[in-house]
Amino acid sequence: MNINLKIPKMKFEKIKMDTVNEIEEMNIDYEKLKKENLKKKRTEPYEHTNYETVKEFFIRSVELYPNRACILEKPDHKEEYKTTTYKEFYDDANALGTALVKILNQANQRVVIIGETQYGWYVSYMAMLLGVGIAVPVDRELPLNELENVVKRARATAIIYSPKKVEDIKKLKESVPDVEYFIEMKSEKPLEGKDVGINYLIDTGKKIIESGDKSFKEIEIEPDEFKVLIFTSGTTSNSKGVMICNRNLAENINGITAYVKLYPTDRLFSVLPLHHTYESTIGFLYPLSQGASIAVCEGLRYIVPNLQEAHPTAVLAVPLLVENIYKKINETIKKSHKEKLVASMMQLTNVLKSFGVDIKRKVFKEIYENLGGELRIIVSAAAPIDPKAGKWVEDLGIIFLQGYGLTETAPIAAVTPDYKTNVGSAGRTIVTADIKVDKPNENGEGELLIKSPTLMLGYYEDEIETKKVMTEDGYFRSGDIGYVDDEGYVYVTGRSKNVIVTQNGKNIYPEEIEILLSKVPEISEVMVYGKAPEDGKKDKEELIITARVIPNMEEIEKAYEGEITEEQVHDIIWKKIKEVNKKLTSYKAVKSLEIKKGEFEKTSTMKIKRYKEINK
């Protein structure tokens, strides 16, 4: 799934650190506080929920928090966030579901949802989960031919789309005759032929409900019935359709509530694409289950102003986003000539926190204000992150969590407990699941096998592929290589399909080398792979460990005066790679460098599509 998610430049305010002087005025009894703090420290999971369907927890939240904010969205960039309450969202979702069933006859049909994150996406997805049929969330960046393929494979009978997709939908109409209705978000358009506006359907549905027809509201959801079809991003192969049921989604909530406390006062900031199960489950359904609110980011270039306006308490991110925030704020600190002061304050506040005195939010007030002022949780998932960035987040006083899973686990199989974080791991196996290592090597690493109630029903219309990924005793073969420690924390070291095998049987996981290279300021992005020798004799000669690099020209131009040639750029980066090679065992050392022009092809969660890049 193609998507250009290059993180734009972020501008943060200058750091003054005026609050530091106030620390000297504090009179602290450290020994007393340390004893009290040790008593308070949690070691066991929280009591978790036991939901079976999305409808079950959604109705509970509506009953408990009818007038609380549910979704906040900006009508346009110049206007303030508009708030929709839980009761309003519930009424809209039921009205849309009623109209889809009663007016458009979409009961038990497959409905594609495509578009950028917006209220219409949320209400469409919820209407489907409340009982219409099978939701098919689709990447809005799909080329037209791939979109057509997905619509046909899913056998969709309706498409709900964003106004920004109007031209694509016009071109698509002739080639998908089985699609009965094309429903435009943010539109009041009355039903005319196959076209209709979503707001018209919501208004019509409300009238049907007001007339006394409560049949849609009364639909009982079968927890294990196929209700969501998600096509994987296909970073290593062609996309597969993953069949998800209500129980899979509800069990994500049950698993997370054992490890993470979220409150009705919390607000999540939605920046990742909703068609991805990470965002649609953890960024949408999870806060909804807790009575929390969701603020929609207008787009990547508006991240900073939106953060500062919405004041979120939690952000779901991918490593590229977290690392970029880390780099940009540290650049601001450096420009403010406060790097030594910030470093010493991080050490001091860490010591104080160990005694139960947490003044981080006060000391680093300006950094918090740059991020909206209220941030308390950052979650990173979908790929390995530089532990240095995660440690920095924790040193600021923000809870840094990591999650692990796949589309096939809808998506959570492991998540960091907020009461016992562990930067560097991908999280702890959720209490309702089991993750074990298949055929571990001398380091305890092997393929991670997952047995979990969040696990998919299977691959859509593909029993052969489903059987391939399942063991006889019901474990899912993740394709991820890693290990699990004695406390259940999961560590992912690479993907089995990405592994480079040397002639003497050594396994090299490119992700390990990429993390080291990504710390080089002159490197913007990098992909490591095993390149066949020029004569193509893969079976006779060693694969060449190769780094394909997008240079960080801004950094290079800052450090090297005058006009820089392509050859010089190559030499500068190669010199840096040789320094990194000293940190690697000899057989893992990068032997070849390729400078890439343009962007890497990526999935919606910013992972490089290796198989496509290598084939280039």
Side-chain angles (χ1 to χ4, degrees), residues 7 9-28 30 33-34 37 303-304 307-308 315 317 319-380 384-402 416 418 420-425 515-524 552 554-555 558-559 576 579-580 582-583:
I7 303 296
K9 290 181 181 179
M10 296 179 184
K11 289 185 179 178
F12 294 105
E13 295 295 321
K14 192 175 179 181
I15 306 296
K16 296 176 183 175
M17 295 292 286
D18 292 338
T19 54
V20 170
N21 297 329
E22 297 175 29
I23 297 174
E24 295 172 7
E25 299 170 14
M26 297 178 70
N27 187 17
I28 302 166
Y30 292 110
L33 287 167
K34 190 172 185 180
N37 195 41
I303 285 178
V304 176
L307 278 169
Q308 292 169 357
V315 174
L320 192 60
L321 180 56
V322 179
E323 288 164 3
N324 198 263
I325 290 171
Y326 159 68
K327 286 175 186 174
K328 293 300 177 184
I329 288 183
N330 275 288
E331 281 175 16
T332 305
I333 291 167
K334 198 171 183 181
K335 284 176 186 173
S336 306
H337 306 292
K338 299 291 182 182
E339 62 265 41
K340 287 183 180 177
L341 180 58
V342 170
S344 64
M345 283 300 102
M346 282 183 166
Q347 287 181 338
L348 176 60
T349 54
N350 280 342
V351 172
L352 288 172
K353 194 172 180 181
S354 71
F355 283 92
V357 181
D358 190 353
I359 57 170
K360 288 179 177 290
R361 196 168 285 273
K362 190 172 187 178
V363 173
F364 304 117
K365 184 182 176 186
E366 293 161 281
I367 298 174
Y368 275 89
E369 284 174 351
N370 273 307
L371 299 170
E374 303 295 329
L375 201 59
R376 72 179 188 92
I377 297 173
I378 290 179
V379 187
S380 175
I385 190 170
D386 180 356
K388 192 175 179 181
K391 178 69 168 61
W392 174 82
V393 169
E394 290 215 319
D395 285 343
L396 279 180
I398 297 169
I399 299 168
F400 181 71
L401 308 178
Q402 288 184 263
T416 314
D418 62 14
K420 194 174 184 182
T421 59
N422 188 346
V423 176
S425 83
I515 285 176
L516 290 174
L517 291 175
S518 67
K519 295 177 185 179
V520 174
E522 290 82 0
I523 292 176
S524 177
N552 184 344
E554 189 179 338
E555 198 67 34
K558 266 197 296 184
K576 295 289 181 180
E579 290 173 16
V580 172
K582 292 173 186 175
K583 301 174 185 177

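Just so we're clear, the structure is a prediction, and the values are computed from it rather than from any experiment.
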Give the minimum heavy-atom separation between Leu517 and Ile523, together with the two atoms involved. O-CD1, 3.7 Å
For the residue pair Ser380 and Ile385, what are the closest heavy atoms and their distance? OG-CD1, 3.7 Å
Side-chain donor-acceptor pairs of residues 332-341 under 3.5 Å, sequence neighbours excluded:
unit_1	atom_1	unit_2	atom_2	d
Thr332	OG1	Lys328	O	3.0
Ser336	OG	Ile15	N	3.1
Ser336	OG	Thr332	O	2.8

Min side-chain heavy-atom separation [X]-[Y] under 4.5 Å:
X: Ile303; Y: Leu321; result: yes
X: Leu371; Y: Ile325; result: yes
X: Ile329; Y: Ile367; result: yes
X: Leu401; Y: Thr421; result: yes
X: Leu375; Y: Val315; result: yes
X: Phe400; Y: Val322; result: yes
X: Ile359; Y: Thr349; result: yes

In Å and rounded to the nearest 0.5 Å, what is the [atom1] to [atom2] distance from [X] to [Y]?
X: Ile377; Y: Ile399; atom1: CD1; atom2: CD1; value: 5.0 Å
X: Glu522; Y: Glu555; atom1: CD; atom2: CD; value: 6.0 Å
X: Leu516; Y: Lys582; atom1: CG; atom2: NZ; value: 14.5 Å
X: Ile398; Y: Arg361; atom1: CD1; atom2: CZ; value: 7.0 Å

How far apart are the C-alpha atoms of Val379 and Gln402, what are their side-chain angles, what is the distance that settles it, and do they pass the side chain to side chain contact (heavy atoms under 4.5 Å, CB included) test? CA-CA 5 Å; Val379 187; Gln402 288 184 263; over 6 Å; no
Under 3.5 Å: donor-acceptor pair, side chain of [X], backbone of [Y]:
X: Asn330; Y: Tyr326; answer: yes
X: Asp395; Y: Met346; answer: no
X: Tyr368; Y: Leu396; answer: yes
X: Gln308; Y: Asn370; answer: yes

Can you name the residues that form a side-chain hydrogen bond (donor to acceptor under 3.5 Å, both in side chains) with Glu323, not counting sequence neighbours? none
Is the closest basic N to carboxylate O distance between Glu394 and Lys391 below 4.0 Å? no
